[in-house]
There are 2 protein chains.
Amino acid sequence: MNQFTSVAPVTNGHAIMAAVETARKPEPLRCSLPFGRAMICGAARYREDRAPDDKVLAGDAPGQHVWFIRSGILRLQRHAYDGHRQILSLFFPGEIVGFDGEFRGEVSVEAATQSSLCRIDRRKFETLVTENDALRADFFRQKQDQLDRLHWLTWSLGALGPEERLCAFLALSTRFMPFQPLPDGTGVLSVELPRKDIADLLGTTVESISRIVHRLDEAGIIEIRDPAHFRLLDLPGLVARGQIDGLFDRMTTGLAIRRHQIESLVAPDSADPICFCGR
Amino acid sequence: MNQFTSVAPVTNGHAIMAAVETARKPEPLRCSLPFGRAMICGAARYREDRAPDDKVLAGDAPGQHVWFIRSGILRLQRHAYDGHRQILSLFFPGEIVGFDGEFRGEVSVEAATQSSLCRIDRRKFETLVTENDALRADFFRQKQDQLDRLHWLTWSLGALGPEERLCAFLALSTRFMPFQPLPDGTGVLSVELPRKDIADLLGTTVESISRIVHRLDEAGIIEIRDPAHFRLLDLPGLVARGQIDGLFDRMTTGLAIRRHQIESLVAPDSADPICFCGR
DNA sequence: CGCTTAATTGACACCAGTCAATACCCGTGG
DNA sequence: CCACGGGTATTGACTGGTGTCAATTAAGCG
């Protein structure tokens, strides 16, 4: 097991959940329960689920609320006149979307996978962010991470070929998609993103993705279990081909931390819908 | 003369210069003179010039100061192992670079053209930005503009072909490079950026750039005066081909405003070096 | 068991990158 | 005044990768 197979340790960074709790009204919230420094609310009051391809944010409408991603993956995208779609960024659990005017123009945010979101009043969040230092720090950290990802994508689209981009993507995926490490240092990656989304993110086509995947399989770098499950036999090789040696940790520790936080907060087998509350 | 040939009017947004002035120490600065709401300092004390390809910011060193671009164009870039370079963003007069950790990793900032910068102490600027609301608003506006540009580039690299990208770039260039409108609605664009930089920004090669330019010339969309001067015969056509109809104004008004501000502050024929002072 | 959707595979064309040669501009210096 | 040199732009020939189109297979699901 090398550096890539282990999930980054949870450090601090609970600020967003903590801040949300801090701002809680004096009167006890129905079904709410403190959990660590964060507040979890059993009521579905502020929670909204999205099926794949459901709209989350339209381009022009600033919207009255921002969204906290409880689970799932959102995509920021833009369409060309011919219908061509380019995904500009993905958003992951623990992240806040819709706060700043990041979505001006003909871009939109949709759910890429089944997602569970928490609605937060925009003004409320605005106040929180200005008043609470820890929250602001966390939020800026998020913004920084997102900017890093955008920089990577831009660089990748301009400087790398489709195969290299996919290698990088697979390597990065181990940190934001289910990845089951095996004793021998390899691991099985569950790709939760539809092929089309991967293609549109990496600026290529599903056909190319398919060909590249099978090429990597034949090269012994990955092993195809089924179209959505790959056993990564040579993770360092993927990292090298994707040219993300230096970026790998930087781009994924934030994600891993937030994911870990949420996983530790959300009971995995709870039938009762659980929700972080933002009022 | 249509919407594209006129420079956007100067509105507000003097906050950065104004804030810098506000923070001026009580003792009069040598050669400093108030100009409008901004402070201009005739001494070259805080000014530094950069020749093309000179380094401004290295990747890892956070640096002690941030830079205010007085004139010229900077580029944010990243190299692949094979030497391939991708330009991730350009920075223009009136913008601040080097404040946030935007330049982590193997990226660097260099001067793309002859540039004149003003050094500002990082901590000083930090204080300014937190204390001065107008400055902060201005600064956020900049960040937003830069994010918009990055989004455009990413989308462009993924969804458009080289020709379309170049068309968009030419159209956008009218707002951040010398553009002399003519009575008939056309105008002459002076391309200050080296061909290689354009190619590396648009993710293509100088050969392709050359071919496309001559193709556009034959199509009657532009007229090549010399390799660095094009008469744009059909600006709306460029906008359409580049698919930036909706983005055009959004992406360039900020640039135009800042450019206009600076031009009105800097005496164009002054032999004495003029500099915005940031301490 | 048929339907829909996703994934794969094949054939093909063409764009665009690469390499190489030439033309051009603009200094300098003889 | 011209020759020379360095850098940039241009042009040509070539080719390989990748998108496109189309057909086939596989998989999920009622």
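Just so you know, these numbers use all the heavy atoms, side chains as well, and skip hydrogens, waters and symmetry mates. Each chain gets a letter, A, B and so on, in the order the sequences are listed, and its residues count up from 1.
Of the charged side-chain nitrogens involved, none lies within less than 4.0 Å of a carboxylate oxygen, so that E164(A) and R241(A) do not count as a salt-bridged pair.
When all heavy atoms of D49(A) and L117(A) are compared, the pair lying nearest together is OD1-N, 4.4 Å. Nearest heavy-atom pair, L90(B) versus R149(B), reported as atom, atom and distance to 0.1 Å: O-NH2, 2.8 Å.
Note: W155(A) CH2 to H79(B) NE2 = 11.5 Å, rounded to the nearest 0.5 Å.
The backbone N or O of Q77(A) sits nowhere less than 3.5 Å from a side-chain atom of Q86(A) that would complete a donor-acceptor pair. At distances below 3.5 Å, at least one donor-acceptor pair connects side-chain atoms of R195(A) with backbone N or O atoms of P227(A).
In this model, a donor atom of one side chain and an acceptor atom of the other lie less than 3.5 Å apart for R47(A) and S116(A).
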Once base and sugar-phosphate atoms are separated, protein heavy atoms under 4.0 Å mark nucleotides 8-22 of chain C, 5' to 3', with B, S and - as SBBB----SSBB---

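Heavy-atom contacts of chain B under 4.0 Å fall on DNA chain D between two terminal nucleotides, which in 5' to 3' order are dA9(D) to dA13(D).
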